[in-house]
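Sequence lines set the chain letters: A, B, ... in the order given, protein chains first and strands last, and positions in each chain run from 1.
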Amino acid sequence: MTTRIVRRREWAYPPAHVRREVLTVAPGTAGSAGSAGSAGDEPPVLFVPGFGHGAWAFAEHWLEHTAGRGFPAYAMSPRGHGDSAPAPKAGLREYVHDVTQVAAGLPRQAVLVGHGAGALVVAMALARYPARAGVLVCPVFGGVGAAFGALRRNPVGTLPALFGGALRPRRGQLFSRELPVADAQRYAARLGRASTRAQWQLVRHGAPEDPVGKPPVLVAGSPDDRIVPRSALTAVADRYGGAPLLFPGMGHDLMLDARWREPIDAILDWLVKQSA
Amino acid sequence: MSLDSTATIWRDGTPVYDRGENVCVIGAGGSGLAAIKNLKEHGFGVDCYERETSVGGAWNWRHHRSPVYAGTYLISSRPFTQYPDFPMPDDWPDYPHHSQLLSYFERYADHFGLRPHIWFGTEVVKVEPVSDEPDTKWDVTIHGTSGGGAPRTMRYAAVVVANGHNWSPKLPEYEGLADFRGKVIHASAYKDSTQLRGRKVLVVGAGNTGCDIAVEAAQQASRCWHSTRRGYWYAPKYVFGRPADQVNDATAPLPLRLRQWLFHRSLRLTVGDLTRFGLPKPDHKVYETHPIVNSQLVYYVGHGGIAPVPDVARFDRHEVTFTDGRTADPDLVVLATGYLPRFEFLSPDLLDADESGRPHLALQMFSRVRPTLTLAGLVQPDSGIFGIVHWQTVVLARWLRLLDTAPDRAAAFAAGLRAAPDRRFTTAKLKDSTRHWFELNHVVYMRALQRALDDLEPAR
């Protein structure tokens with residue numbers, strides 16, 4: 001696919017400004033010692049949560065850990081998520097707008113890390129902002145097949161979405177059994193929802209355009225993810241010309257699950273290798 | 001980056017330092033910065049020469065050649081003005097102030113790490129092709145602007161000229177101007193409305209600058225005459241409660257005639273008949289001249305703050321006579337008569353310039369004879385410039401890349417450029433004027449750029 005440059009709709013109907021939540025941890029201020037420090041010229045890393053999650057999901061572990069390894073770390077909530085302003089009418093286009101706005105507001109060219117449906121938002125944002133690199137974690141790229149898969153695996157949490165209700169993944173889909181039940185309950189209680197419009201767009205949307213500026217793109221996930229099947233993971237990785245990094249035994253929420261450290265370390269190792 | 005490598009080439013008795021496959025960018029304004037960023041993104045080494053000591057070009061009010069005045073606001077709204085891959089903050093106003101645009105350029109330069117590529121305080125004095133081939137290299141001679149230091153010559157694989165086209169004043173000649181005892185300045189010397197306070201001001205020219213100054217004069221000066229050669233369409237900044245250019249693009253799929261009718265109709269219904277205000281009736285349809293975006297001009301004419309007058313016939317010692325025989329006695333005349341492009345460092349035949357000095361380029365950016373010479377941002381669009389410059393510089397970066405990876409395809413593209421007809425990228429027929437040398441319709445031109453981008457698509 002080639003880059004499309006006449007974008008009348010984007011020019012004529014720019015999304016409105018809303019208050020956006022962005023959490024920040026500067027490198028070196030975090031307490032996670034033990035990891036190797038760096039020269040201090042690492043690019044900023046911006047984490048983008050998936051549907052229902054907010055910046056808080058990264059603030060639990062990954063944000064501090066990333067900063068501890070020398071990267072300026074940021075996590076944001078798209079509109080309608082976390083502590084950003086409510087946006088019941090927003091769609092994927094508005095979420096993408098939020099990501100490019102935050103990314104362009106960072107002091108230097110950023111790495112975008114998207115999780116779940118946030119990975120789709122990041123993939124779309126990569127076509128609008130020349131990121132240093134893109135990381136798609138447990139990417140939910142949606143589609144009709146994926147919708148039927150979701151209905152089969154989790155009918156109770158998916159059916160209401162057909163009638164404008166929220167998508168509600170089961171706790172067993174998000175986390176492995178290693179995560180203490182109290183933690184899993186606490187996280188599940190914080191889940192919100194994406195707008196009905198965005199949920200439907202997940203089923204029917206065009207493929208993301210090609211990224212601008214040829215950033216390296218990494219796909220990571222778990223073969224035991226009960227939301228993103230292994231085949232979907234491979235398909236997304238194929239699209240970006242690589243193989244997925246796999247973390248067996250983990251649930252969909254790699255950043256909250258008991259062994260959260262392994263995937264983030266692997267992602268940051270990959271980033272270090274890219275800039276070397 | 002070090003320039004201390006030993007020279008191995010000599011030209012006319014002076015050493016030439018070979019910068020290999022690097023590309024030279026002239027100017028670090030909004031166009032030059034986009035060129036640096038996109039060339040860098042395509043893997044090129046870039047040396048940019050900037051005569052001032054900071055980025056921003058025309059939009060940096062500290063710069064000697066900057067045409068901006070304190071009350072300069074954008075006339076195209078944010079989505080049309082920004083670089084498509086680096087959005088302006090969405091909590092900025094629809095039409096930001098020039099100081100906001102400068103801070104946007106500064107953030108762009110820092111975000112993408114462009115400053116290490118820029119040699120500030122360095123002026124380009126000569127650019128010469130090395131050979132007659134279409135893919136020739138270029139010898140660029142530079143010298144420091146702060147005095148001292150001999151000129152040096154560097155050899156580059158390609159040159160991108162982004163020196164701007166709004167800095168060299170175009171001054172009209174009037175009978176008796178030399179005898180006129182009042183003060184006469186060009187709009188480039190107008191910086192602040194305090195210059196107008198309490199004076200009797202004549203503003204000549206109905207460009208966007210002329211209209212802005214007339215409006216400021218209506219508020220500050222004791223009297224204001226506004227002289228225009230013809231009647232114009234004064235487009236408001238907002239229609240139907242939304243920025244006018246956004247509404248315009250929302251209706252753009254409609255045929256030109258229908259849009260012209262809609263535009264005339266909505267102006268008629270909101271502003272009304274301009275001749276009632278004493279303004280001349282436009283002698284052309286809308287979209288046939290560069291748009292003038294000013295909601296306030298007609299308003300101040302309605303207050304009597306601005307007296308519309310026709311073209312100047314002659315100046316006397318204390319008086320100005322207009323073509324309709326009326327007279328005025330201003331003590332300050334502001335000539336908002338525009339600018340002319342200047343490329344002193346380039347031989348005119350490289351740009352196919354005609355006797356009047358107007359360059360004839362392929363795709364309004366490539367030198368037809370030697371397309372490794374390109375001009376970025378030599379456009380006067382009916383929208384913002386920087387969204388267009390971005391794609392211009394992506395086109396040129398892709399073409400230079402192709403020279404390297406697929407010389408056959410690159411040669412075919414160059415042959416296409418040479419054969420391309422000298423076309424205007426507009427929908428309506430334009431009034432003939434130096435003001436419209438570079439006028440284009442943003443959609444027509446971007447479609448042409450899209451075709452070039454597709455032709456230059458790297459093989460997978």
(request) For the pair B/Arg107 (side chain) and A/Ala104 (backbone), establish whether a donor and an acceptor sit closer than 3.5 Å, ignoring hydrogens and angles. (result) yes
(request) Check for a donor-acceptor pair, side chain of B/Arg242 on one end and backbone N or O of A/Ala12 on the other, with a separation under 3.5 Å. (result) yes
(request) Answer yes or no: does atom CZ of A/Arg230 have more than 12 heavy-atom neighbours from other residues, nucleotides or ligands under 6.0 Å? (result) no
(request) Check whether more than 12 heavy atoms from other residues, nucleotides or ligands sit under 6.0 Å from atom CZ of A/Arg9, and answer yes or no. (result) no
(message) What part of B/Arg78 gets within 4.5 angstrom of chain A, counting heavy atoms only: side chain, backbone, both, or neither?
(response) neither
(message) Taking side chain as everything from C-beta outward and backbone as N, CA, C, O, which of these in B/His390 sits under 4.5 Å from a heavy atom of chain A? Side chain, backbone, both or neither.
(response) neither
Considering all heavy atoms of both residues, which atom of [X] and which atom of [Y] are nearest to each other, and what is their separation?
{"X": "B/Gln450", "Y": "A/Arg4", "answer": "OE1-CA, 3.5 Å"}
{"X": "A/Val6", "Y": "B/Met446", "answer": "CG2-CB, 3.8 Å"}
{"X": "B/Asp90", "Y": "A/Arg20", "answer": "OD1-NH2, 3.0 Å"}

(request) Start with the C-alpha gap between A/Gln109 and B/Phe86, add the side-chain angles, then the distance that decides, and say whether side chain to side chain contact (heavy atoms under 4.5 Å, CB included) holds. (result) CA-CA 10 Å; A/Gln109 212 175 351; B/Phe86 190 71; over 6 Å; no
(message) Could you check whether any side-chain heavy atom of A/Pro130 comes within less than 4.5 Å of a side-chain heavy atom of B/Phe112, counting everything from C-beta outward?
(response) yes
(request) Please examine the side chains of B/Pro79 and A/Glu10, heavy atoms only from C-beta on, and report whether any two atoms are closer than 4.5 Å. (result) no
(message) Please classify the contact of A/Ala127 with chain B as side chain, backbone, both or neither, using a heavy-atom distance under 4.5 Å.
(response) neither
(message) With rounding to the nearest 0.5 angstrom, report the OH to CD distance, A/Tyr13 to B/Gln246.
(response) 9.5 Å
(request) To the nearest 0.5 Å, tell me how far B/Glu41 CD sits from A/Lys214 NZ. (result) 8.0 Å
(request) Take the angle between the ring planes of A/Tyr129 and B/His111 and call it parallel below 30°, perpendicular above 60°, tilted in between. (result) perpendicular
